[in-house]
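Right, one structure below, let's go through it.
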Protein chains: 2
Amino acid sequence: MRIGDLSARTGVSQRSLRYYENQGLLSTTRSPGGQRHYDEADVPRVQEIRAFLAAGLPTRVIAGLLNGLAVCRAAPDADEALHSWETLSRERSRITSVIDELVTARHALDELLAVNHAFLKEHPTAR
Amino acid sequence: MRIGDLSARTGVSQRSLRYYENQGLLSTTRSPGGQRHYDEADVPRVQEIRAFLAAGLPTRVIAGLLNGLAVCRAAPDADEALHSWETLSRERSRITSVIDELVTARHALDELLAVNHAFLKEHPTAR
DNA sequence: CTAAAACTTGACATGCATGTCAGGGACAAG
DNA sequence: CTTGTCCCTGACATGCATGTCAAGTTTTAG
């Protein structure tokens with residue numbers, strides 16, 4: 001799969017895909033002529049990256065997370081594993097708090113919607 | 001309450017508070033000398049703004065939302081109200097989908113944590 | 001009244017993710 | 001082989017929310 005296909009299948013711009021690779025979030029194999037080649041597994045991976053980005057995590061941190069697993073398996077160094085664990089935990093609680101804020105925001109939105117809805121009901125001319 | 005106090009109570013920098021005012025998210029009264037004065041109601045308001053920002057809404061949109069209610073009451077123009085309603089709904093579903101992505105992301109993190117935890121258990125030297 | 005602390009405006013700088021454009025290769029289909 | 005489409009790199013530009021610095025004014029406490 002080349003970059004155009006991956007872009008089409010994920011809805012992520014080619015620019016961004018190259019950027020993610022550049023930031024170490026995504027790796028590719030290259031054709032002899034230098035063109036990027038992706039495999040199926042990259043589709044969900046890109047979506048995962050988007051999810052992390054939506055969480056407000058910067059690419060540096062995401063890279064750390066995505067590589068954390070590999071590191072943890074490949075080089076079973078106790079210190080590294082522990083450090084990795086701490087990072088993961090910290091990020092998890094960060095995500096949780098962002099979720100909380102989002103829920104709060106959505107709640108505020110719901111209140112506005114309620115008022116607005118009442119108004120529209122009162123003035124059916126609004127169609 | 002002056003800007004330093006509000007900043008301390010909300011944890012938001014003075015720079016940002018001025019920026020929010022500049023973007024129409026926050027209004028202030030001024031002392032004769034020109035210094036900003038806030039009242040109690042601004043504390044929750046700032047927190048609400050932060051929540052919306054965390055949701056990824058740009059200040060322009062937040063201003064629209066926060067003023068939407070007032071507009072809807074003051075100038076009960078049907079078209080405006082309807083438009084406002086559409087905007088609100090769209091943003092609500094946007095926030096919901098971001099929340100979903102975050103939950104997914106947290107899930108992915110939990111898997112990494114599980115693997116990591118298993119590893120630490122296997123190599124108790126990690127302390 | 002005076003000095004320190006807090007505030008004001010304005011400008012410039014930064015980080016991040018993205019868009020966009022230009023000049024030049026890669027490759028598949030006729 | 002040629003042409004049209006896809007891809008490559010690199011550079012410059014943008015939007016947004018913030019940080020930071022400077023020079024000057026206001027407020028407050030001693």
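First the proteins, then the strands, lettered A, B, ... as listed; each starts at 1.
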#### Entry: B:S16 versus B:S13, side-chain donor and acceptor atoms under 3.5 Å
yes

With a cut-off of 3.5 Å and sequence neighbours excluded, list every side-chain donor-acceptor pair involving residues 45-59 of chain A.
{"unit_1": "A:R45", "atom_1": "NE", "unit_2": "A:L25", "atom_2": "O", "d": "2.9"}
{"unit_1": "A:R45", "atom_1": "NH2", "unit_2": "A:L25", "atom_2": "O", "d": "3.1"}
{"unit_1": "A:R50", "atom_1": "NH1", "unit_2": "A:Y20", "atom_2": "OH", "d": "2.7"}
{"unit_1": "A:T59", "atom_1": "OG1", "unit_2": "A:Q23", "atom_2": "NE2", "d": "3.4"}

Measure [atom1]/[X] against [atom2]/[N] and give the value in whole Å, please.
X     : N      : atom1 : atom2 : answer
A:N22 : D:dA11 : CG    : P     : 12 Å
B:F52 : D:dA17 : CZ    : C1'   : 17 Å
B:R18 : C:dA11 : CZ    : C1'   : 14 Å
B:L17 : C:dC7  : CG    : P     : 11 Å
A:E21 : D:dG10 : CD    : P     : 12 Å
B:I49 : D:dA17 : CD1   : P     : 11 Å
B:I3  : D:dT26 : CD1   : P     : 17 Å

Enter the distance from [X]:[atom1] to [Y]:[atom2] here, rounded to the nearest 0.5 Å.
X      : Y      : atom1 : atom2 : value
B:S89  : A:H117 : OG    : NE2   : 10.0 Å
B:L113 : B:E111 : CG    : CD    : 10.5 Å
A:R106 : B:S93  : CZ    : OG    : 10.5 Å
A:L17  : A:I3   : CG    : CD1   : 5.0 Å
B:T28  : B:L26  : OG1   : CG    : 7.5 Å
A:I95  : A:L102 : CD1   : CG    : 11.5 Å

### Task
Using only side-chain N and O atoms of B:T59, determine if any of them is under 4.0 Å from OP1 or OP2 of D:dC16.
no

Side-chain donor-acceptor contacts of residues 37-44 of chain A below 3.5 Å, not counting sequence neighbours, with atom names and distances?
{"unit_1": "A:D39", "atom_1": "OD1", "unit_2": "A:A41", "atom_2": "N", "d": "3.2"}
{"unit_1": "A:E40", "atom_1": "OE1", "unit_2": "A:R9", "atom_2": "NH2", "d": "3.1"}
{"unit_1": "A:E40", "atom_1": "OE2", "unit_2": "A:R9", "atom_2": "NH1", "d": "3.0"}
{"unit_1": "A:D42", "atom_1": "OD2", "unit_2": "A:D39", "atom_2": "N", "d": "3.1"}

### Task
Determine to 10° how strongly the helix from C:dC1-D:dG30 to C:dG30-D:dC1 is bent, judged from the axes of its five-pair ends.
10°

### Task
Specify the residue among B:D5 and A:L57 whose closest nucleotide of DNA chain C lies further upstream toward the 5′ end.
B:D5

### Task
Identify the two heavy atoms, one from B:G24 and one from B:A63, that lie closest to each other, and give their separation to 0.1 Å.
O-CB, 4.2 Å

### Message
By the salt bridge (charged side-chain N to carboxylate O under 4.0 Å, His left out) test, which pairs, at least two apart or in different chains, include something from residues 10-28 of chain B?
### Response
B:E21-B:R30, B:E21-B:R36

#### Entry: Touch class at under 4.0 angstrom, heavy-atom based, for A:R60 against every strand present
nothing

### Query
Looking across every strand, which nucleic acid part, if any, lies under 4.0 Å from A:R36 by heavy atom: base, sugar-phosphate, or nothing?
sugar-phosphate

### Task
Going 5' to 3' through nucleotides 18-30 of chain C, assign each nucleotide B (protein heavy atom under 4.0 Å from a base atom), S (under 4.0 Å only from sugar-phosphate atoms) or - (no protein heavy atom that close).
BBB----BSS---

### Query
Which ones in residues 37-45 of chain B lie close to DNA chain C, meaning a heavy atom under 4.0 Å from one of its atoms?
none

